Each structure stands twice: as C-alpha cells, then as structure tokens.
Amino acid sequence: MSGDNSGATDPVSPSKPAPWTVQAEAWWFVTSLGHKPDAGETLPISYFPSQETHLYKYSTGQDAFRGGRGSITLIRYTDTPIGPFDELAIVPGDFTNPFEQESHRVTRAYVSSLAAVVNGRHNWGFPRELAEFVFTPSLELPHACEVRVYPATAFSPIEYSSSPCFAALIKPISWLPAIPTSLSHFPRVKLCQPPLEPSSDPSSDGLVGNAKWQMLDCSDAQGRAKPFRCEGLLPPLEDVPSPSLHPAPPSTKKRLADGVDFPAVDAYSVGVHWIEMSMTLPQAIPLATL
C-alpha cells in the first residue's frame, strides 16, 4: 500500500471528458448508518472548502442536511485517463436539492494531482483541492499501513502543510478473504453537486469553477472487497477548561482528522477495503445554472 501516486508537479492540463473507466484500491470509513439530524442541526465549516460559498449555502440551509449514510473514502487510482492519483473525500449523508429527491453529496475532497483537481471539478462538480498523500508501512504492526494527507498551502511553487489534516492507521484483517463485490448489491449511490466557484488563479491551483448543478450515479463499480480495521493517528484534543464542578476527563482517543481542513468526524472501527475495484465515473447531467 506504499508508493507515490502524487503527480503534484504536473502542470494544470485540459480536462478529459467523462465517462471514465478507472481501476483503483479503496477504503471506505463508515461515519454513520442512519443518522437523523436534530432540528436545526447543520454541519461545521470544516466540511467545506473555504472558497465554496454555494456548496456551503446549499448544504447548511434550513433542513438541507438530512443525515442517513455517511462515509469517508480513501482511493488510490492506479489507472485513469490522467494517470494514477490518490483521493480523500467525505460524503456526510443525504441533502436536499432543488430538483428531485434527496441525494448524497461530496462536501470536501483532496487529490494528489492538479489534473485530478481540474477534472473532478469540471466533469462532476467535486470540490477537489490539492494535497500530498503519504502512505508508509506501520513500524509496529505487520501488514498495516499509515496514511497522512497534507493540504497544499502555496502553488508557485507548490508547498504543503507541515501537519496532516487526516491521518489513519489501516489494519487488514488477514484471516478474512476478499470476496467478489458489486455496488449493485448496495443502495444506489447518486450524487447531486452544487455549483463551484473558481479561484482567483485557477491556472495555478486548479480550482476551476463549475456554474451548474451536476447529477451523477456512481453505482457502477465491482471488484473484490473485505473488512479492515482503522483508527486515528492525530493526537487527542487538548483538555478544554470547563466551568463545571465535575468536568469530563479529557479524551484519550486519537483523531482521524484535524477539524479544520477536514472534519473531525468519528468513524466505525471496521470499514470496507476494496482490494481491487473497477469503476465507471459517468458523464454528469448538468441541471441548472445559478
């Protein structure tokens, strides 16, 4: 699981139109299975890139977030029209939209190449940003892997944060075999992505705009999968002073994310590891321009 798929020094290239047929290895971190938001519940700002005002507006309005199934996806694409790259993305659950029934939505995503930033935003409305992905074998657990994701902080030249926004220990369950799996066996994964704003310098950071809502079905995937175990690698939050006479003890649980550049959401300790995956990313259906 180690290696470098970054390609982050590649120049920003023109988009490769969908559909794409890709090969990958992937890990699904399950964050919720049937969450029902409380009245007025909304998502923290860390779920969204700072420049995406439309995405934030349409995801945090009154009753916009509907809960349901949520997940973090870590993908190592090995074969795509733009070459190998890595991706980290979060889908908090279902959201309302102006067009049809509630659907899933990617609210934050990082990829390891500028070409992947441009294509994800242009083809499907994914709010991708650039980051460095570092996969290293665990020194303590055989066959386990540590992954850390460092957001880009500058682009001329490209520089990355010294602290990861996401860090996880991935532990395979060796005694369980991988079995043939298809997303056709699961509830359909339909995404409806709001418009994206361009940055002031998309030729450097890849943050091209997309003026339309984009609808796509991501259910065309098959391969071999098995469970894996995971835990966070970031240190626990420091103890916060409490006015209570009996404050709760500080948490000793390590975190998956920093809560700033990626939401500090808990994941179940067991997820799904796609040992190999073949997936079609279809051409999105543009719905409307703001």
Side-chain angles (χ1 to χ4, degrees), residues 5-18 20 22 43-60 72-75 77 80-92 95 105-133 149-166 191-216 257-258 260-263 281 283-284 286-290:
N5 283 356
S6 66
T9 58
D10 295 342
V12 177
S13 58
S15 63
K16 301 285 187 181
W20 285 15
V22 303
L43 297 172
I45 197 169
S46 59
Y47 276 83
F48 310 96
S50 59
Q51 77 278 359
E52 303 299 347
T53 58
H54 292 313
L55 175 62
Y56 180 80
K57 171 185 173 182
Y58 285 107
S59 302
T60 59
I72 295 170
T73 305
L74 176 67
I75 306 178
Y77 294 97
T80 81
I82 58 170
F85 66 92
D86 301 321
E87 180 168 29
L88 174 72
I90 185 164
V91 176
F95 293 84
R105 180 175 301 167
V106 177
T107 62
R108 194 149 206 181
Y110 290 100
V111 287
S112 60
S113 79
L114 284 170
V117 174
V118 171
N119 280 272
R121 296 174 68 89
H122 182 269
N123 288 336
W124 305 288
F126 295 155
R128 286 176 172 173
E129 302 172 274
L130 183 66
E132 181 181 36
F133 288 65
V149 180
Y150 299 84
T153 57
F155 296 92
S156 296
I158 295 175
E159 298 178 5
Y160 298 100
S161 172
S162 60
S163 301
C165 66
F166 178 90
L191 300 174
C192 188
Q193 298 293 137
L196 301 176
E197 288 93 342
S199 73
S200 60
D201 189 10
S203 63
S204 295
D205 57 27
L207 300 182
V208 297
N210 193 322
K212 295 186 176 182
W213 285 78
Q214 304 288 333
M215 180 78 74
L216 65 152
D258 64 354
V260 177
D261 292 311
F262 202 76
L281 291 170
Q283 183 175 3
L287 297 177
T289 302
L290 289 181

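Below, all heavy atoms of this structure are taken into account, side chains as well, without hydrogens, waters or symmetry copies. No experiment lies behind these values; they were computed from the predicted model shown.
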**Study point:** Min side-chain heavy-atom separation Pro92-Tyr47 under 4.5 Å
**Key:** yes
Review point. Going from CD1 on Ile158 to CZ on Phe155, what distance comes out if it is rounded to the nearest 0.5 angstrom?
Key: 7.0 Å
**Study point:** Heavy-atom closest pair, residues Val117 and Gly206
**Key:** CG1-O, 3.3 Å
**Study point:** Inter-residue atom distance Ser200.OG - Leu207.CG, 0.5 Å rounding
**Key:** 9.0 Å
Point to revise | Set of side chain to side chain donor-acceptor pair (under 3.5 Å) partners for Ser161, sequence neighbours left out | key: none
Revision key, fill the gap. For Ser204 and Ser156, the nearest pair of non-hydrogen atoms, with its separation, is OG-OG, 4.0 Å
Check your understanding: Taking C-beta and beyond as the side chain, do Leu216 and Phe126 meet within less than 4.5 Å on heavy atoms?
Key -> yes
**Study point:** Side chains of Pro127 and Leu196 in contact at under 4.5 Å (non-hydrogen atoms)
**Key:** yes
Revision key, fill the gap. Scanning both residues in full, the closest heavy-atom pair of Pro81 with Lys16 reads O-CE, 4.1 Å
Point to revise | Gap separating the CZ atom of Phe85 from the CD1 atom of Ile82, nearest 0.5 angstrom | key: 4.5 Å
Review point. Ser112 side chain to Asp86 main-chain N or O, any donor-acceptor pair under 3.5 Å?
Key: yes
Review point. Which atoms form the tightest heavy-atom contact between Ala257 and Phe262, and what is the distance?
Key: CB-O, 3.6 Å
Review point. What pairs with Thr53 under side chain to side chain donor-acceptor pair (under 3.5 Å), at least two apart in sequence or on another chain?
Key: Glu197
Exercise for review: Answer whether the closest heavy-atom distance between the side chains of Asp201 and Ser203 falls below 4.5 Å.
Suggested key: yes
Check your understanding: Within the distance-only criterion (no hydrogens, no angle test), does the side chain of Arg108 pair as donor or acceptor with the backbone N or O of Ser46 below 3.5 angstrom?
Key -> yes
Practice item. Evaluate the criterion side-chain contact (heavy atoms from CB on, under 4.5 Å) for residue pair Leu130 and Tyr160; output intermediate values, then yes/no. Key: CA-CA 9 Å; Leu130 183 66; Tyr160 298 100; 4.0 Å; yes
Review point. Distance from Leu287 atom CG to Trp213 atom CH2, nearest 0.5 Å?
Key: 8.5 Å
Point to revise | Heavy-atom check, side chain of Thr107 versus side chain of Phe95, under 4.5 Å | key: yes
**Study point:** Heavy-atom check, side chain of Gln214 versus side chain of Trp124, under 4.5 Å
**Key:** no
Practice item. Give a yes or no on whether the backbone of Cys192 and the side-chain of Arg105 come within a donor-acceptor separation of less than 3.5 Å. Key: yes
Review point. Tell me, do Tyr56 and Leu43 make a side-chain contact under 4.5 Å, heavy atoms counted?
Key: no
Practice item. Evaluate the criterion salt bridge (charged side-chain N to carboxylate O under 4.0 Å, His left out) for residue pair Lys57 and Glu52; output intermediate values, then yes/no. Key: CA-CA 9 Å; Lys57 171 185 173 182; Glu52 303 299 347; over 6 Å; no
**Study point:** Under 3.5 Å: donor-acceptor pair, side chain of Arg128, backbone of Tyr110
**Key:** no
Check your understanding: If every non-hydrogen atom of Gln193 is compared with every non-hydrogen atom of Gly125, which pair is closest and at what distance?
Key -> NE2-O, 3.3 Å
Review point. Can you check whether Asn123's main-chain N or O pairs, donor with acceptor, with Asn210's side chain at less than 3.5 Å?
Key: no
Practice item. Just jot down the side chain to side chain donor-acceptor pair (under 3.5 Å) partners of Ser199, sequence neighbours excluded, or say none. Key: Asp205
**Study point:** Validation row: Leu88, Ile72 side chains within 4.5 angstrom (heavy atoms)
**Key:** yes
Check your understanding: What's the verdict on side-chain contact (heavy atoms from CB on, under 4.5 Å) for Asp258 and Phe166, showing C-alpha distance, side-chain angles and the deciding distance?
Key -> CA-CA 7 Å; Asp258 64 354; Phe166 178 90; over 6 Å; no
Revision key, fill the gap. Note: Ser163 and Tyr150 closest approach over all heavy atoms is C-CD2, 3.6 Å
